[in-house]
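Lettering follows sequence order; numbering is per chain, from 1.
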Amino acid sequence: MRKIDTGRLKEDAYYTKLPNGLMVYLIKKSGYSEKAAFLGVNYGSANIEYEIDGNKRDIPLGTAHFLEHKLFDLPDGRNTLQMLSQMGASPNAFTSRSATAYYFTCIDNFKSALELLMEFVFTPYFTAESVEKEQGIIAQEISMRLDMPEARVFDELFAALYKNHPVRHPVIGTHDSIKTITDKTLHECYSAFYRPSNMVLVVVGDLEPDEIEEIALRMSPENTSRVRNIVCDEPLEVAEYEKIISMNVPQTMFSLGIKLVPQSDRQLWENNCNLALTALIKPLSRLYGELYDNGLIDSGFSCAPLMFDAGGLLYLFGRSDDPQAVRDAVVEEIDVLSGGFADNQLFERVLRTAWGDCLRESDDPSALARSVGLNYLSGNDYFNLPNVFDEANSGSLCSLFSNMRHTSLVVCKSNKEDNNV
Amino acid sequence: MALYNARGDEMTRISLGDGISLACVTTERFKTNVLSVFLTRPLNPLDAPKNALIPSVLRRGNSNYPTLTDMSKRLADLYGAGLYPDVRKRGERHSFGLISDFINNENLRDVSNLLFETLLNPIFSDAYVLSERDNLISQIRAVKNNKSVYASARHTALAFEGEPYAVPRLGDEEQVAAITPNLLRRYYDDALSASAVSFFYCGSAEPESVGELISNHLSRVRGIALEKSDAVPICENSRHFFENNDMEQAQLSIFWRTGILPENPDYFPACVASAIYGGSSNSKLFTHVRERLSLCYTTHSVFDRYKGVMRASAGVEPSMLDRARDEMLAQWNNVVCGDFTNEEISSAKKLIISELKSLEDSPSALEQFWHGQTVYRMSSAPNDWIKAVENVTLADIIRVTKDFKLDSTYYLRAD
């Protein structure tokens with residue numbers, strides 16, 4: 001493995017790309033007993049079609065997530081979750097709109113746990129019986145999400161912002177769509193997307209580069225070609241400007257999305273979007289203080305940039321009696337900031353805050369592994385962050401703001417009249 | 001007294017006066033340093049909402065940085081330091097305070113100045129109190145948005161009615177509404193002179209110098225020691241609670257009481273038993289209720305060492321409630337009867353030990369661990385816990401689980 005110059009990130013990091021195309025990172029944390037592994041696939045719920053022999057095939061909604069659940073099975077009936085637990089590892093997995101990932105943290109038995117993780121991810125095994133059983137479990141997961149207003153306004157916002165982009169569908173699928181998923185569907189999607197050249201392995205902990213490379217080489221299969229990214233014809237305009245849903249909530253909550261236009265230098269763009277969000281509406285900003293003082297948002301407010309193939313958005317979420325007023329204030333502030341930063345210290349403070357967040361995250365092995373892995377899957381290099389920070393300037397943030405023209409607002413109201421604050 | 005962990009970090013506890021203590025983990029392993037302060041008082045319905053409200057009011061502004069934006073600018077200037085209000089329910093004790101995390105250790109003096117300005121010279125205006133009071137009410141109501149958290153809150157309130165443990169972490173909404181700015185200011189003055197006060201620091205500075213830095217600010221603070229915790233009453237007959245709520249999925253929650261107090265070494269076998277039952281994807285609840293019967297997506301159990309109670313929960317299809325409950329109780333019965341393998345014991349132990357070891361790799365997890373220890377005046381370190389868990393035997397588990405008494409079952413579902 002080759003050593004990476006990590007600059008002011010001050011990490012002892014290594015990488016190699018195996019002949020089969022699998023990217024492997026090790027971030028060595030001397031003195032840590034916790035170790036983390038992250039095996040990610042550039043395949044998420046937004047990949048709803050693929051090509052085979054020149055023909056396009058549609059994939060049922062929720063297949064990537066279903067596949068994530070079922071990959072833990074092995075043909076000899078070994079229970080991989082149970083085995084990992086017996087080793088003292090805490091395994092888990094997630095599926096997002098753009099990626100699927102399998103990961104664990106542990107103290108001891110790291111090598112056996114990593115071998116097992118790679119074995120089950122690279123050994124697809126699905127039967128009609130086990131698929132049917134999983135439908136029951138996933139149906140409960142769907143019901144659980146339908147009871148969670150935060151999850152509802154999150155999913156509804158994607159549908160409101162995007163007219164064509166497949167991120168508009170929920171990751172988990174629907175009660176109806178998961179019924180159409182069979183063992184054959186899973187096999188076909190697996191062979192289309194789970195290719196080493198479409199994946200990344202990140203390991204964090206007090207470990208040696210040679211041993212990680214050896215395991216990665218031994219446990220991953222021969223290469224097949226890289227999968228092409230999602231291309232879609234998505235207009236600048238949103239599908240729905242404002243959507244109101246009602247459910248059993250004690251008070252009104254909202255999600256607000258600002259639709260972003262991707263730029264060619266993806267990593268610089270993503271980092272600038274994060275800085276812009278900090279300047280716009282994080283606690284440091286003028287607007288946050290104003291909205292908080294006026295009682296339009298409270299400490300439950302949160303925001304994050306969400307990026308995926310061929311798109312991205314700034315996601316704002318909160319409780320408020322007047323979500324429209326929050327939206328109008330945000331839109332107005334975007335307009336002001338696109339003309340320049342009046343407070344000349346703001347940009348420097350934004351940089352320091354974002355850099356502090358970045359270093360804080362790197363103290364946590366599992367958060368660091370995830371961040372390095374997801375950056376790679378979206379075509380970025382985590383260790384290039386210091387350079388991207390150096391390149392940032394207030395002018396490029398202002399021009400980002402001038403491109404933020406389209407928003408969607410989803411409001412979730414109480415379905416009981418007397419319940420609102 | 002200094003202790004060392006396996007990684008050579010030094011752990012020191014210093015008394016800074018009656019009822020005022022500092023716990024330090026001295027290490028250069030992390031980029032992040034942590035400094036926190038907590039005031040701890042007995043949990044009761046009247047004071048709980050005040051305790052919950054104070055840290056948010058403090059965080060609004062102090063004499064040097066009077067608004068939220070001023071505070072945020074100052075924190076950004078300190079290289080993106082954080083300052084977070086927090087309130088914690090630890091059994092029947094209630095703690096509130098402020099936690100700061102920051103990158104460069106050279107900022108320690110500036111960060112501690114900001115922390116003490118916030119603690120001791122807050123603005124505490126009527127406007128800040130009233131706006132944070134509204135926010136607290138919103139936060140209390142928001143518990144309803146997560147059905148499994150809501151089920152846990154309701155079950156706790158019903159099962160422990162009349163005991164301090166029934167009081168929710170943020171207090172009850174009616175009690176919050178009754179708080180006035182004057183009342184809160186008076187209460188806070190009292191709290192500063194009659195609470196157990198605990199500081200925590202993790203970073204590379206020497207414990208003595210951190211102690212000095214803190215002592216300089218303590219002229220207005222008086223600490224008191226808290227009483228030892230009381231024995232837990234055990235109900236003779238188990239009870240059932242049924243509630244309705246408009247929702248897709250039903251929630252099921254089961255409480256057991258054990259009478260094991262935080263200082264009792266039986267905590268360790270109890271904790272291993274709970275891990276066998278519902279601690280991981282290898283547990284009885286997960287492998288039977290989820291994987292074998294496909295009855296749910298989430299199911300687990302947790303042992304609360306500060307009250308000596310265990311709670312198991314699951315989110316299930318409403319028509320399957322009874323089946324899920326029967327299976328959950330049957331699986332617990334298997335634990336009590338010793339119907340589990342050596343692998344199940346060893347994997348439960350590994351789970352707990354991994355968590356304890358991982359805790360030493362995280363400044364914020366260390367902060368939470370030492371806060372809990374300080375609140376109950378216990379001095380054992382994560383390493384001591386690891387040894388205690390390793391020594392748990394099958395016989396210990398059977399002996400201890402015999403005294404787990406089923407307290408109540410709670411059902412939450414649509415009409």
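Proximity to chain A involves both the backbone and the side chain of B/Ser354, based on heavy atoms less than 4.5 angstrom apart. Proximity to chain A (any heavy atom under 4.5 Å) is restricted, for B/Tyr84, to the side chain, taken from C-beta onward. Residue B/Asp70: no heavy atom, backbone or side chain, is found under 4.5 Å from chain A. The part of B/Arg292 that comes within reach of chain A is its backbone (N, CA, C, O), which places non-hydrogen atoms under 4.5 angstrom from that chain. For a residue to count as touching a neighbouring chain, one of its non-hydrogen atoms must lie under 4.5 Å from one of that chain's; by this rule A/Glu150 touches chain B with the side chain only. Contacts between A/Asn294 and chain B at a heavy-atom distance below 4.5 Å are absent for every atom of the residue. Proximity to chain A involves both the backbone and the side chain of B/Glu291, based on heavy atoms less than 4.5 angstrom apart. With a 4.5 angstrom heavy-atom cutoff, A/Asp293 touches chain B via backbone and side-chain atoms both. There is no contact between A/Leu287 and chain B, counting heavy-atom distances below 4.5 Å.
When atom types are taken as modelled, the side chain of B/Ser294 and the backbone of A/Ile137 share no donor-acceptor pair closer than 3.5 angstrom. Under the 3.5 Å distance criterion, the side-chain polar atoms of A/Gln140 are matched with a main-chain donor or acceptor of B/Glu317. When atom types are taken as modelled, the side chain of B/Arg29 and the backbone of A/Gly31 share a donor-acceptor pair closer than 3.5 angstrom. For A/Arg360 (side chain) and B/Gly80 (main-chain N/O), a donor-acceptor pair under 3.5 Å exists by modelled atom type. Between the side chain of A/Arg352 and the backbone N or O of B/Asp77 there is at least one donor-acceptor pair closer than 3.5 Å.
A salt bridge links B/Lys31 with A/Glu11: the distance from a Lys NZ or Arg NE/NH1/NH2 to an Asp or Glu carboxylate oxygen falls below 4.0 Å.
Residues of residues 278-286 of chain A having a heavy atom under 4.5 Å from any heavy atom of chain B, listed by number: A/Pro283, A/Leu284, A/Ser285.
The closest side-chain heavy-atom distance from A/Tyr292 to B/Arg60 is below 4.5 Å. Proximity of A/Met144 to B/Thr298: side-chain heavy atoms (C-beta onward) are separated by under 4.5 Å at one or more points. Between A/Met253 and B/Asn145, some side-chain heavy-atom pair lies under the 4.5 Å cut-off.
Remark: the B/Ser347 side chain and the A/Gln86 side chain contain no N/O donor-acceptor pair separated by less than 3.5 Å. A side-chain donor from one of B/Ser281 and A/Ser85 sits under 3.5 Å from a side-chain acceptor of the other. Side-chain contact, B/Ser138 with A/Gln251: a donor N or O sits under 3.5 Å from an acceptor N or O.
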- [ ] Could you please spell out the steps behind the side-chain hydrogen bond (donor to acceptor under 3.5 Å, both in side chains) verdict for B/Gln249 and A/Ser143?
- [x] CA-CA 6 Å; B/Gln249 203 179 35; A/Ser143 297; 5.6 Å; no

- [ ] Could you check A/Asp363 against B/Thr32 for side-chain hydrogen bond (donor to acceptor under 3.5 Å, both in side chains), going step by step and ending with a plain yes or no?
- [x] CA-CA 7 Å; A/Asp363 261 347; B/Thr32 323; 2.5 Å; yes

TODO: Check step by step if salt bridge (Lys or Arg N to Asp or Glu O under 4.0 Å) holds for B/Asp361 and A/Lys29.
DONE: CA-CA 10 Å; B/Asp361 288 337; A/Lys29 290 265 187 198; over 6 Å; no

- [ ] Start with the C-alpha gap between A/Leu81 and B/Phe286, add the side-chain angles, then the distance that decides, and say whether side-chain contact (heavy atoms from CB on, under 4.5 Å) holds.
- [x] CA-CA 10 Å; A/Leu81 271 176; B/Phe286 192 91; 3.8 Å; yes

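Between A/Tyr32 and B/Phe30, the angle of the ring planes goes over 60°, which puts this pair in the perpendicular group of the 30/60° scheme.
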